[in-house]
There are 2 protein chains.
Amino acid sequence: MEKVTIATVAERAGVSRQTVSNVINTPEVVRAETRERVREAITSLGYRVNQAARQMRTGRSRLIAVRIEPGSDGINGSVLDRFLHGLTDAATLAGYRVMLYTAADDDHEIATYDDLLTAHDLDGFVLTSTHHGDPRTSWLAARDVPFVTFGRPWGAPDTHSWVDVDNAAGTAAATRHLIEAGHRRIGFLGWPAGSGVGDSRRTGWESTMTDAGLTLSAVAAVDGVDAGADAAARFDSAITAVVCASDSLALGALRARPDCAVIGFDDTAVAAAIGLTSVSQPLTEAAARCMDMLTELLDGRAPATPTQLLLPPSLVVRPPRRR
Amino acid sequence: MEKVTIATVAERAGVSRQTVSNVINTPEVVRAETRERVREAITSLGYRVNQAARQMRTGRSRLIAVRIEPGSDGINGSVLDRFLHGLTDAATLAGYRVMLYTAADDDHEIATYDDLLTAHDLDGFVLTSTHHGDPRTSWLAARDVPFVTFGRPWGAPDTHSWVDVDNAAGTAAATRHLIEAGHRRIGFLGWPAGSGVGDSRRTGWESTMTDAGLTLSAVAAVDGVDAGADAAARFDSAITAVVCASDSLALGALRARPDCAVIGFDDTAVAAAIGLTSVSQPLTEAAARCMDMLTELLDGRAPATPTQLLLPPSLVVRPPRRR
DNA sequence: TTGTACGCGTTATCAT
DNA sequence: ATGATAACGCGTACAA
């Protein structure tokens with residue numbers, strides 16, 4: 001099992017190393033016949049480019065990086081994991097590999113960018129969990145590092161490409177579903193105001209209710225089953241259904257108000273397991289579109305203005321059953 | 001922001017490039033005074049090694065690879081995700097980065113090894129989901145590629161280092177807990193025989209029951225809530241408690257036998273959410289130990305014989321509540 | 001502590 | 001239009 005380099009291939013095919021390189025990178029400049037001969041040599045020898053050597057010359061690594069949440073557990077943590085799965089698949093298809101990193105906060109994350117860029121020549125980043133006052137995007141933009149975010153730039157101008165899920169459309173669909181089922185007193189159990197995602201989810205419910213001429217009644221809680229149950233207990237007793245900002249909250253609502261119809265958000269494993277109707281984010285699709293946008297940037301064929309894409313979620317309706 | 005290479009540092013410190021390299025890699029061969037001067041130059045210039053250049057010379061990338069399950073979703077999928085989180089942290093601490101890949105089956109995975117090794121000079125692998133007749137370990141071993149498995153080499157000799165969780169101890173603890181609570185008719189709801197993990201989990205229950213002189217009653221189902229419910233319905237009606245091989249099955253058992261005490265396995269988010277007592281795997285610990293073993297191999301300071309480590313799981317007891 | 005060759009692919013230049 | 005030659009990128013192994 002000798003080491004196969006571009007020189008081995010060149011010798012076998014009876015051409016120069018340069019020609020082999022051309023066949024790999026710019027095949028159109030090589031005569032068809034030569035090209036074929038070289039390609040045969042490549043496959044018969046099982047040649048593969050040495051990424052380190054290529055990278056040293058080109059400064060590009062064909063590597064992208066994504067953060068993995070440190071201790072992410074709990075019900076909703078799985079959402080980003082599912083996104084990560086999709087991204088790995090999409091990256092592989094596009095000829096990139098995914099490198100993971102963890103970061104305790106935005107500053108650590110930026111320090112990690114610096115390290116990954118200088119030490120590993122990372123080609124690009126996919127950012128998740130965007131939030132108000134996010135310093136990461138401006139840091140990357142200032143250095144002309146290609147990146148895409150999964151999540152809108154909350155409270156900042158759309159100066160980069162992003163993909164997001166239309167949270168408001170999700171809760172709107174949930175609310176409509178309940179209205180069609182005959183419910184009139186539909187509460188909303190959400191997070192404290194201030195988070196972009198949470199506020200959007202509330203908006204979808206609120207506008208749908210208002211359009212239908214129905215009365216609003218909302219309570220808020222930090223995410224979690226217990227907090228959700230406590231909050232749900234504060235709804236006025238006329239409520240017959242609840243739209244929730246997460247499956248965790250939905251679980252709490254179910255416990256506090258077993259008489260109510262409840263709809264969750266994220267369609268987590270918990271929802272599937274207990275037969276909870278929930279809004280499902282198209283995470284695989286989102287990951288694929290992020291990768292599309294990123295490869296456009298990396299290949300220099302990105303449109304002049306950044307692209308924004310808002311994907312519609314879907315409502316996964318599960319028949320109520322005795323719990 | 002000029003590009004800072006080892007030459008820049010050498011010039012600033014008034015030494016040769018080689019000395020800078022020595023300070024970085026074998027500081028003990030450099031006189032203390034010189035070492036300090038070089039270190040100052042490194043920090044003041046913000047120098048970082050170019051991994052590609054280093055890699056080209058050493059053939060090592062300081063990269064390890066782990067598979068991420070393709071569409072892994074559902075209740076139990078999160079287990080490997082949690083392991084992955086821990087591994088990323090541990091790898092970072094050890095100065096390695098984690099590269100992800102997906103693979104549809106063992107053959108694809110082996111093809112990916114080949115690619116990662118030749119193209120990216122991957123230093124090592126952490127394998128998960130070991131199983132009977134696993135072809136991956138022998139492929140890697142035949143090529144002297146450093147690797148560690150999270151999971152025993154089921155049905156094969158212990159020729160490599162591995163970390164695993166003592167599944168039998170987990171179900172044994174669950175069973176003892178139920179016995180202490182006064183239960184005598186304790187059933188086991190597991191997977192079909194043949195999977196190493198599933199068989200271990202059954203063994204822990206079985207031996208504990210036998211030691212206590214209690215009667216055995218077990219049913220099996222493929223993993224899943226519905227299948228678990230169907231299977232649990234087949235228990236004889238005298239059963240008052242059920243030990244399950246997974247939280248999914250436990251959920252099924254709860255549905256089919258709401259009168260029974262049920263204990264699950266894996267302590268997933270679902271268990272936490274619905275207050276299900278479950279056996280918890282020390283996944284962060286397992287990941288850290290895997291990384292320890294792998295770095296030993298990579299640094300050439302591994303013991304002559306491979307290391308095996310069986311970690312004890314813990315029982316997370318949750319008070320029963322009305323469901 | 002230093003000089004120098006080396007790893008491997010790509011870019012630039014030159015020859016046909 | 002094709003192909004060959006040479007230089008280059010950056011850190012490290014080895015000998016001096």
Side-chain angles (χ1 to χ4, degrees), chain A residues 2-39 41-42 45-63 95 115 117-123 300, chain B residues 2-39 41-42 45-63 95 115 117-123 298-300:
Chain A
E2 280 306 304
K3 197 178 302 177
V4 179
T5 76
I6 209 167
T8 325
V9 178
E11 192 176 7
R12 168 74 70 100
V15 297
S16 70
R17 295 187 318 171
Q18 175 55 29
T19 303
V20 178
S21 176
N22 284 338
V23 170
I24 295 169
N25 300 298
T26 48
E28 66 278 8
V29 308
V30 181
R31 184 153 38 107
E33 190 200 348
T34 317
R35 203 189 309 154
E36 256 333 289
R37 215 169 59 240
V38 172
R39 287 207 168 123
I42 288 178
L45 290 166
Y47 168 78
R48 284 211 197 60
V49 297
N50 178 325
Q51 288 293 344
R54 166 180 280 178
Q55 176 179 336
M56 186 142 70
R57 197 75 186 101
T58 63
R60 301 188 46 187
S61 60
R62 302 204 72 80
L63 250 37
D115 180 57
L117 288 169
T118 52
H120 290 277
D121 275 317
L122 261 279
D123 286 352
Chain B
E2 280 304 302
K3 196 178 302 176
V4 178
T5 74
I6 209 166
T8 325
V9 177
E11 193 177 6
R12 168 74 71 97
V15 297
S16 70
R17 294 186 314 170
Q18 178 57 30
T19 302
V20 178
S21 176
N22 285 339
V23 170
I24 296 169
N25 300 298
T26 48
E28 64 277 8
V29 308
V30 181
R31 183 154 41 106
E33 188 200 349
T34 316
R35 203 190 310 155
E36 256 333 288
R37 216 170 58 239
V38 172
R39 287 208 168 121
I42 287 178
L45 289 166
Y47 167 78
R48 282 209 197 63
V49 297
N50 178 324
Q51 288 294 344
R54 166 181 279 179
Q55 176 179 337
M56 187 142 67
R57 198 72 187 103
T58 62
R60 302 188 46 187
S61 59
R62 302 204 71 82
L63 249 37
D115 181 56
L117 288 169
T118 52
H120 290 277
D121 275 316
L122 261 279
D123 285 353
L298 294 172
D299 298 349

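Reminder, nothing fancy here: chain letters follow the sequence lines and each chain counts from 1. Note that these values count all heavy atoms, side chains included, but never hydrogens, waters or copies made by symmetry.
- Dashed line: the shortest gap from a side-chain N or O of B:K3 to OP1 or OP2 of D:dG9 is not under 4.0 Å.
- Position along DNA chain C of the nearest nucleotide to B:T34 versus B:R57 favours B:T34 as the more 5'-ward residue.
- One can place CD of B:Q55 at 14 Å from P of D:dA13, the figure rounded to the nearest angstrom.
- Here B:V20 lies out of heavy-atom contact (under 4.0 Å) with every strand.
- Judged by atom type and distance alone, B:R17 reaches the base of D:dT12 through a side-chain donor-acceptor pair under 3.5 Å.
- Regarding B:H120, its NE2 atom lies at a distance of 16 Å from the P atom of C:dC8, rounded to whole Å.
- Counting heavy atoms from C-beta on, the side chains of B:N50 and B:T5 never come closer than 4.5 Å.
- Two residues are said to be in side-chain contact when any heavy atoms from C-beta on lie closer than 4.5 Å; A:Q55 and B:Q55 fail this criterion.
- Spacing between atom CD1 of B:I42 and atom P of D:dG11 amounts to 10 Å, rounded to whole angstrom units.
- Atom CG of A:D121 and atom P of C:dG9 are 17 Å apart (whole Å).
- One finds no side-chain N or O of A:Y47 lying less than 4.0 angstrom from the OP1 or OP2 phosphate oxygen of C:dC8.
- The closest side-chain heavy-atom distance from A:I24 to A:I42 is below 4.5 Å.
- Between the CZ atom of B:R48 and the P atom of D:dC10 there is a distance of 16 Å, given to the nearest Å.
- Distance CD1 (A:I6) to P (D:dA4): 13 Å, rounded to an integer number of Å.
- Remark: P of D:dA13 and CZ of B:R60 are 11 Å apart, rounded to the nearest angstrom.
- As judged by a 4.0 angstrom heavy-atom cut-off over every strand, B:V30 is placed among residues touching the sugar-phosphate backbone only.
- Separating the CD atom of A:Q18 from the P atom of D:dA1 is a distance of 17 Å, rounded to the nearest angstrom.
- Scanning for side chain to side chain donor-acceptor pair (under 3.5 Å) contacts around B:R39 gives an empty result, with sequence neighbours left out.
- Nearest to the side chain of A:S21, among C:dT10, D:dT12, D:dA4, sits C:dT10.
- Relative to the side chain of A:N50, the nucleotides D:dT12, C:dG9, C:dT1 differ in distance, and C:dG9 lies closest.
- OP1 or OP2 of D:dT12 lies within a sub-4.0 Å distance of a side-chain N or O belonging to B:R54.
- Closest approach to the A:T58 side chain among C:dT1, D:dT12, C:dT11 is made by C:dT11 (side chain taken as heavy atoms from C-beta onward).
- At a threshold of 4.5 Å between non-hydrogen side-chain atoms, the residues A:E36 and A:E33 do not count as touching.
- Contact annotation for A:N22: no contact, since no heavy-atom pair falls under 4.0 Å across all strands.
- Screening A:D123, A:L122, A:D121 against A:L63 for a side-chain contact (heavy atoms from CB on, under 4.5 Å) leaves a single residue, A:L122.
- If you check every strand for non-hydrogen atoms under 4.0 Å, B:T5 touches sugar and phosphate atoms only.
- Residues A:V29 and A:M56 each lie close to DNA chain D; by heavy-atom proximity, the contact nearer the 5' end of the strand is made by A:V29.
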